[in-house]
Amino acid sequence: EESMIKEAAEEICSILPIPDCKETMDNYIKMIFSFVDNLDGKTLELCSMFGLCGSKKELTAPIVDVKFDQCDICTLVTDELLTVIQNDEIESLIKQGVEQVCTVVPIPGCKSMLDNYVDMAFKMIKNLNGKTVCSWIGLCTKGELEKRN
């Protein structure tokens with residue numbers, strides 16, 4: 001599962017002109033998996049972290065063993081990546097990259113044409129969500145999506 005997420009992050013980094021993108025994404029992925037691996041399920045760790053409860057106390061209610069499948073993980077990660085990509089700063093960086101491409105490629109009206117494509121792509125991205133993307137790439141089935149709605 002971690003390797004699939006790393007591969008997806010590498011693909012995104014190959015598209016986005018973000019300095020140290022791959023290393024940054026690898027570090028975040030490692031941190032997330034390490035964090036999840038270290039949750040023991042016996043304390044109110046998440047609740048305490050977000051300041052939603054008083055202190056770390058032992059749970060008195062029975063603990064439900066929650067399993068995350070590939071659809072859950074894909075949806076979570078994709079929603080986060082879409083949030084990052086939808087940042088105006090990222091769009092600006094991509095447009096700067098487009099300008100650099102146009103200095104090399106001798107196409108009349110290159111910058112305005114590619115700017116239009118970038119604008120169209122970002123409009124499409126702003127209408128996406130993790131469930132949709134994960135179903136497109138086959139990590140969520142129709143049945144999995146219906147049970148999540």
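Values below: all heavy atoms of this structure, side chains included; hydrogens, waters and symmetry mates excluded. Just so you know, these numbers come straight off a predicted model, no measurement behind them.
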Item to complete: Look at the SG atom of C140 and the SG atom of C74, then say if they are under 2.5 Å from each other.
Response: no

Worksheet item: Can you name the salt bridge (charged side-chain N to carboxylate O under 4.0 Å, His left out) partners of E99, sequence neighbours left out?
Response: K111

Fill in: Set of residues satisfying salt bridge (charged side-chain N to carboxylate O under 4.0 Å, His left out) with respect to D26, sequence neighbours excluded
K22

Got a second to check how far [X]'s [atom1] is from [Y]'s [atom2], nearest 0.5 Å?
| X | Y | atom1 | atom2 | result |
| --- | --- | --- | --- | --- |
| L82 | E80 | CG | CD | 9.5 Å |
| I125 | M120 | CD1 | CE | 12.0 Å |
| I85 | I90 | CD1 | CD1 | 8.0 Å |

Worksheet item: Can you pull the side-chain hydrogen bond (donor to acceptor under 3.5 Å, both in side chains) pairs that have at least one residue in residues 88-98, sequence neighbours excluded?
Response: K95-D119

Side-chain heavy atoms nearer than 4.5 Å, only ILVMFWY residues, links allowed to pass through others: does that put [X] and [Y] together?
| X | Y | answer |
| --- | --- | --- |
| L139 | L76 | no |
| V104 | L114 | no |
| M124 | I137 | no |

Practice prompt. Apply side-chain hydrogen bond (donor to acceptor under 3.5 Å, both in side chains) to D72 and T75, showing your working.
Written response: CA-CA 5 Å; D72 292 325; T75 302; 6.0 Å; no

Item to complete: Over all heavy atoms of both residues, which pair between C134 and T78 is shortest? Give the atoms and the distance, please.
Response: SG-OG1, 3.5 Å

Worksheet item: Which heavy atom in I94 sits nearest to a heavy atom in F122, and how many Å separate them?
Response: CD1-CZ, 3.6 Å

Worksheet item: For D115 and S112, does a side-chain donor sit closer than 3.5 Å to a side-chain acceptor?
Response: no

Discussion item. Would the distance check show the side chain of T83 and the main-chain N or O of D79 forming a donor-acceptor pair, the cut-off being under 3.5 Å?
Written reply: yes

Discussion item. Between T103 (side chain only) and Q100 (backbone N and O only), is there a donor and an acceptor less than 3.5 Å apart?
Written reply: yes

Worksheet item: Looking at side-chain heavy atoms only, is the closest gap between V77 and I73 below 4.5 Å?
Response: yes

Worksheet item: Does any pair with a residue in residues 96-129 pass disulfide bond (SG atoms under 2.5 Å apart), and if so which ones, sequence neighbours excluded?
Response: C102-C110

